[in-house]
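Mind having a look at this structure? Questions to follow.
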Amino acid sequence: MTRKIATTDQESVQIGPVAIARLGREAAIRRLLAVPGSGNRLAVAFANAHGLLLAMDDPAFAQALSRFLVLNDGIGAEIGARLLSGTGFEDNLNGTDFVPALLDAAPVGTRVYLFGARPEVAERAAGMFAARHPAIAVCGWRSGYFDEAELPQIVADINAARPDILLVAMGNPRQELLIDRLWADLDVPLALGVGALFDFTAGEVTRAPSFFRRNGLEWVYRLGQEPKRLGQRYTTGILRYLWKILYLKLSGKSARA
């Protein structure tokens with residue numbers, strides 16, 4: 001699948017099979033908001049340690065991410081960049097903070113469609129987005145629970161809503177693989193995989209206090225909230241990720257998992 005990119009390629013850092021753009025927050029917002037109305041299209045993913053490890057383990061996911069603009073998310077990406085390239089990122093572009101900033105900066109009348117989460121969560125999140133970002137127009141929402149046979153109608157409904165921005169909240173790798181799979185049929189200029197954003201926005205999950213977020217420790221807070229679901233990801237998963245990063249550093253094979 002080919003994908004038109006909105007601007008010229010920028011500097012990136014290779015972490016395993018994933019190229020992560022070196023963009024500060026304001027530059028990233030400007031780049032994304034330049035896409036709607038330009039005739040170009042862009043899909044965006046946020047790469048944290050969990051997502052990077054998934055890409056190292058799954059060539060199909062890594063291949064899908066090669067067709068996205070990938071932004072850095074959290075301390076795991078920062079550690080990988082520093083160890084493999086000697087330089088970290090200008091800002092932490094985690095989607096839970098970045099997407100609201102993107103919507104705050106969007107031009108008046110920007111149309112936004114929400115796709116993901118449980119029905120009641122998606123509906124509440126749509127209402128909260130509309131209230132918190134009065135310049136945008138929430139043009140529709142759809143839960144992330146559906147049968148395979150429903151996909152053509154879902155795509156048709158999204159296209160009929162004419163969104164400028166599509167937010168897909170299903171966790172990775174599902175959300176990125178779905179965006180990549182449907183991209184040729186979607187008539188959407190800008191799509192972002194946003195993870196648990198709808199749950200946070202709707203109040204289903206509590207954000208970590210600012211101290212944790214400022215110091216890259218939000219994962220510690222989330223582990224305390226959901227130890228059963230996130231325990232393996234934030235224990236053995238982190239150890240596997242760090243081991244793979246160390247191997248890439250010592251072997252000089254930063255472009256391979």
Quiz item: Is it true that Met128 and Val194 fall in one hydrophobic cluster, defined by side-chain heavy atoms closer than 4.5 Å?
Solution: no
Exercise. Keeping the roles fixed (side chain from Arg142, backbone from Tyr145), state whether a donor-acceptor pair exists under 3.5 Å.
Key: yes
Practice problem: Ignoring hydrogens and angles, tell me if any N or O in the side chain of Gln175 forms a donor-acceptor pair with the backbone of Gly171 under 3.5 Å. | Solution: yes
Practice problem: Would you name the heavy atoms of Glu176 and Ala45 that are closest together and state the gap between them? | Solution: CG-CB, 3.9 Å
Quiz item: If you measure from the Lys or Arg side-chain nitrogens to the Asp or Glu carboxylate oxygens, is any gap between Asp180 and Arg67 under 4.0 Å?
Solution: yes
Quiz item: Quick one: CG on Leu71 to CG on Leu32, what's the gap to the nearest 0.5 Å?
Solution: 6.5 Å
Quiz item: Looking only at atom types and distance, does a side-chain atom of Asn94 sit under 3.5 Å from a main-chain N or O of Asp97, one as donor and one as acceptor?
Solution: yes
Quiz prompt | Residue pair Phe46 / Leu197, side-chain heavy-atom distance below 4.5 Å | solution = no
Exercise. Evaluate the side-chain proximity of Leu23 to Arg30: yes if any heavy-atom separation is below 4.5 Å, no if none is.
Key: no
Quiz item: Do Val168 and Arg174 come close enough that some side-chain heavy atom pair is under 4.5 Å?
Solution: no
Practice problem: Flag yes if more than 12 heavy atoms outside Arg162 fall under 6.0 Å of its CZ atom; otherwise flag no. | Solution: no
Quiz item: Are side-chain heavy atoms of Leu166 and Leu190 found at a separation under 4.5 Å?
Solution: no
Quiz item: Any donor-acceptor pair under 3.5 Å linking the side chain of Asp91 with the backbone of Arg25?
Solution: yes
Quiz item: From Ser143 OG over to Ile154 CD1, what is the distance, rounded to the nearest 0.5 angstrom?
Solution: 7.5 Å
Quiz prompt | Val112 and His133, any side-chain heavy atoms less than 4.5 Å apart | solution = no
Quiz item: How far apart are the C-alpha atoms of Phe98 and Val44, what are their side-chain angles, what is the distance that settles it, and do they pass the side chain to side chain contact (heavy atoms under 4.5 Å, CB included) test?
Solution: CA-CA 12 Å; Phe98 179 83; Val44 179; 5.9 Å; no
Quiz item: Do Phe61 and Asn172 come close enough that some side-chain heavy atom pair is under 4.5 Å?
Solution: yes
Quiz item: Ignoring hydrogens and geometry, is there a side-chain-to-backbone donor-acceptor pair from Asn72 to Gly88 under 3.5 Å?
Solution: no
Practice problem: Could you tell me which residues satisfy side chain to side chain contact (heavy atoms under 4.5 Å, CB included) with Ala135, sequence neighbours excluded, listed by chain and number? | Solution: Val108
Quiz prompt | Pairwise distance CG(Leu151) to CZ(Phe146) - rounded to 0.5 angstrom | solution = 5.0 Å
Self-check item: Side-chain donor/acceptor of Asn48 to backbone N/O of His50, under 3.5 Å
Solution: yes
Exercise. Go through the steps to decide whether Met170 and Phe115 satisfy the test side chain to side chain contact (heavy atoms under 4.5 Å, CB included), and finish with yes or no.
Key: CA-CA 8 Å; Met170 299 178 187; Phe115 183 18; 3.5 Å; yes
Quiz item: Is there side-chain contact between Leu246 and Leu83, with heavy atoms separated by less than 4.5 Å?
Solution: no
Practice problem: Identify the two heavy atoms, one from Pro163 and one from Pro189, that lie closest to each other, and give their separation to 0.1 Å. | Solution: O-CD, 3.4 Å
Quiz item: Rounded to the nearest 0.5 Å, how far apart are CD1 of Ile165 and CG of Leu114?
Solution: 10.5 Å
Practice problem: Kindly give the heavy-atom pair with the smallest separation between Arg22 and Ser85, and that separation in Å. | Solution: NH2-OG, 2.6 Å
Self-check item: Worked check of side chain to side chain contact (heavy atoms under 4.5 Å, CB included) between Tyr241 and Ile15
Solution: CA-CA 11 Å; Tyr241 172 74; Ile15 300 181; 4.1 Å; yes
Quiz item: Does some side-chain heavy atom of Arg118 sit less than 4.5 Å from a side-chain heavy atom of Glu204?
Solution: yes
Quiz item: Angle class for the Phe198/Phe129 ring planes (parallel below 30°, perpendicular above 60°, tilted otherwise)?
Solution: perpendicular
Practice problem: Without swapping roles, check the side chain of Gln14 against the backbone of Gly16 for a donor-acceptor pair under 3.5 Å. | Solution: yes
Exercise. Under the side chain to side chain contact (heavy atoms under 4.5 Å, CB included) rule, what do Val188 and Tyr113 come out as? Steps first, then yes or no, please.
Key: CA-CA 10 Å; Val188 176; Tyr113 193 103; over 6 Å; no
Quiz prompt | Ile179 to Leu192 - nearest heavy-atom pair and separation | solution = CD1-C, 4.0 Å
Quiz item: Can you tell me how far the CH2 atom of Trp243 sits from the CG atom of Leu248, to the nearest 0.5 Å?
Solution: 11.0 Å
Practice problem: List the atom of Leu93, the atom of Ala28, and the distance in Å for their closest heavy-atom pair. | Solution: CD1-CB, 4.1 Å
Self-check item: Interatomic spacing from CG in Asp73 to OG1 in Thr96 - rounded to 0.5 Å
Solution: 7.0 Å
Quiz prompt | Cationic N near anionic O, under 4.0 Å, Glu78 to Arg82 | solution = yes
Quiz item: Hey, does the side chain of Asp164 reach the backbone of Arg111 with a donor-acceptor pair shorter than 3.5 angstrom?
Solution: yes
Quiz item: Looking only at heavy atoms, what is the nearest atom pair of Ile136 and Ala106, with distance?
Solution: CG2-CB, 4.2 Å
